[in-house]
Visitor: 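Got a structure here, written out as structure tokens. Questions coming.
Below, read A as the first sequence line, B as the second, and so on, with proteins coming before strands; counting in each chain starts at 1.
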There are 2 protein chains.
Amino acid sequence: MVTINDIANLSGVSRTTVSRVLNNSGYVSESAKRKVQEIIESTGYVPSEQAKSLRTKQTKVIGVILPKISTETASRVVDGIDKKLSEHGYHILLANANLNVEKEIEHLRLLQSRRVDGIILVATNIETQLIKTIQEMNVPVVALGQEVPGISSVVYDDYHAAYDVTSLLIEKGHKRIGFIGVSETDRAVGFERKRAFLDAMKAYNLDVYSAWIQEGVFDIHSGGQAMKTILEESPQSPTAIFAVTDRLAIGAMQVIKEKNIDIPKQISVVGIGASDLSKYVSPSLTTVDYYNEKAGIETANLMIEQLVKKEEKPKKLLMSYGLILRDSLS
Amino acid sequence: MVTINDIANLSGVSRTTVSRVLNNSGYVSESAKRKVQEIIESTGYVPSEQAKSLRTKQTKVIGVILPKISTETASRVVDGIDKKLSEHGYHILLANANLNVEKEIEHLRLLQSRRVDGIILVATNIETQLIKTIQEMNVPVVALGQEVPGISSVVYDDYHAAYDVTSLLIEKGHKRIGFIGVSETDRAVGFERKRAFLDAMKAYNLDVYSAWIQEGVFDIHSGGQAMKTILEESPQSPTAIFAVTDRLAIGAMQVIKEKNIDIPKQISVVGIGASDLSKYVSPSLTTVDYYNEKAGIETANLMIEQLVKKEEKPKKLLMSYGLILRDSLS
DNA sequence: GGAACATATGGAATCGATTACATGATCAGG
DNA sequence: CCTGATCATGTAATCGATTCCATATGTTCC
């Protein structure tokens, strides 16, 4: 591999001069510049960012830790992050935590060893050990999806989104409403959305039956299982189902349709996420758009602010959301 | 940031010894080892891969160039790639070409400047300039999705998949078959799948009407547009539609349903891709599973072979595929 | 004509690791 | 007691860039 020294020798100048040509800095005569560029061209020399980073102390790489790569949310978010970061010449180093907290911590260390300029943590469960690790590192970290104490984060407005969805159902006249959630250890999706649901029900003085409150695990199948339980374990069926994710909602819809219960005439269903799926299932699913790509962009923005403007104080950004009314609701 | 020198000073040994402890190599006394480890622990020292790579000439990073990040195919593929690469201690540096050939070339250079150990190119259109650039670089490159001359590639069996799908329709008794493709500049999706369709029609002595051959651009909407043209521009409608991607097929289905034409009684629809969507639209879509994650794994495997076993000779791997029969076909 | 300044270039230290080589101690075997 | 392993550690070069500082040559202005 050809190095700056080769270029220097071949052009008959010092590597200092070559460096000047490369970075367009300092004084270089036109003739020297031409000569050097000519040699660079003919040798196909590409300077090593490696070596440069070692000296300049910045890699122009941002590590992105994802809970899982192949999800719609993740890919939208990464798309947004990349859009913004690439504008500023940053690259993304990907790390897949695979829903595993230990791996998340391991990746933090790994990214640190790669001397990334910053780390974006697309978070699920926030654990004390994780927070501790983050605080020990002196690399800017920005979280997306869950609030992490002490660092900048972009969070979805889970509480209000879920509250609005529930209110919507209630205002449409529903009184018997079922709920399909996920484990409350997931603070945003599990805990907050459930809290909002319960609060809204209470605000409207509606009863909540425990048999109608079920839990799934983020996939379509478990949404169906939860729905089965709701339908089978109680004498009376709810007239509406609020599932905390689109996939859970779609699983529920499948089961409802299998039982020849009409959606939305007999049971309305709503989800959260505005997945591609939600638009094309039938009936189309009423859901909430979380603007994931925008969230990615905003997260990258916070990162850039910390890197470029040396912003120290952690910021918290609350994303807005949009209700999408479709046919699964009446 | 604490360096190996700091550790050396604090532990009262040379940095050579620290390096030995770090890499578990050479001779180090138990006492020295303990001392060094203790200091490392207490300072939270993380060695710089940066500096290490500069010396050892390998970064343990693989660049992955994607035509577009937020697609189902891309995320499945990346998932597969990451699974295999992480087993071998490699990380992924992401590059988004955004369906832009110039950006693809630009990213090749950028990745080269980062001294990645290899590059995986998830390809769409192969252009001569791109091939030239690849050949000039002395970094292992593996392509996925399209065959690139001179380098290892993993390709889907577009021809046979499309031929099988067409035969399937014909054997179900369909004679009037419409086709929704994409631009033939996309060799795999555009050219090969169309060629297979035409070949199969010919083999069964079936006529192909030009009004029934339409083109879209990879999204659901354009599938619908193509379908509208097919239905409106010809006196007689086809009894089956073969769309080269699931999204095109789903767009077509939407339009067919809007016109109150029954799927599959009046028109059957098939796609390719086995997208999540295909399973949950109604009727569910008959499609072809391309095993994207597996393809990602295999691609990573080829890369590992080149890196670890120093395999020189380019290999070509043809992926298998699986027909998924669902309700959109009769 | 010399001080002050702009222009052009190179020498050498530096970033944080690895590693070839040298050196010194310890110990076993003849 | 000497020889040659084996063990333990350190010195210094190296990877490929950037950058501070020194030096040399013009150029300008009083």
Visitor: Going by distance alone, is a donor N or O of one side chain under 3.5 Å from an acceptor N or O of the other, for B/D117 and B/T59?
Guide: yes
Visitor: Rounded to the Å, how far apart are B/N9 CG and C/dA17 P?
Guide: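 Distance, rounded to whole Å: 12 Å.
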Visitor: So how far is it from A/H88 NE2 to A/M303 CE, rounded to the nearest 0.5 Å?
Guide: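 Answer for the NE2-CE pair, A/H88 versus A/M303, is 12.5 Å.
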Visitor: Quick one: CZ on A/R20 to CZ on A/R15, what's the gap to the nearest 0.5 Å?
Guide: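 The CZ atom of A/R20 sits 12.5 Å away from the CZ atom of A/R15.
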Visitor: Measure across A/S152 and A/K315 and return the closest heavy-atom pair with its distance rounded to 0.1 Å.
Guide: OG-N, 2.8 Å
Visitor: Determine whether A/Y45 and A/L22 make a side-chain contact, defined as any pair of heavy atoms from C-beta on separated by less than 4.5 Å.
Guide: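 Yes, close enough: below the 4.5 Å cut-off.
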Visitor: Test of understanding: with salt bridge (Lys or Arg N to Asp or Glu O under 4.0 Å), list the residues that count as partners of A/R109, not counting sequence neighbours.
Guide: A/E136
Visitor: What residue among B/V154, B/V155, B/L144, B/D157 forms side chain to side chain contact (heavy atoms under 4.5 Å, CB included) with B/M319?
Guide: B/V154
Visitor: Heavy atoms under 4.0 Å is the rule here; annotate nucleotides 10-19 of chain D 5' to 3' with B where the base is hit, S where only the sugar-phosphate is, and - elsewhere.
Guide: BBBBBBBBBB
Visitor: Applying salt bridge (Lys or Arg N to Asp or Glu O under 4.0 Å), name anything that partners B/E106, two or more places apart in sequence or on another chain.
Guide: none
Visitor: For the residue pair B/D186 / B/Q146, report whether a side-chain donor-acceptor contact shorter than 3.5 Å exists.
Guide: yes
Visitor: Quick one: side chain to side chain contact (heavy atoms under 4.5 Å, CB included) partners of A/R34, sequence neighbours excluded?
Guide: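 Only A/E30, A/S31 meet the side chain to side chain contact (heavy atoms under 4.5 Å, CB included) criterion with A/R34.
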Visitor: Name every residue in residues 26-37 of chain B that has at least one heavy atom under 4.0 Å from any atom of DNA chain D, in order of residue number, or write none if there are no such residues.
Guide: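 Going residue by residue through residues 26-37 of chain B, the ones with a heavy atom under 4.0 Å of DNA chain D turn out to be B/Y27, B/V28, B/S29, B/A32.
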Visitor: Enter the inter-axis angle for the ends of the helix from C/dG1-D/dC30 to C/dG30-D/dC1 (five pairs per end, rounded to 10°).
Guide: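 Its terminal axes enclose an angle near 50°.
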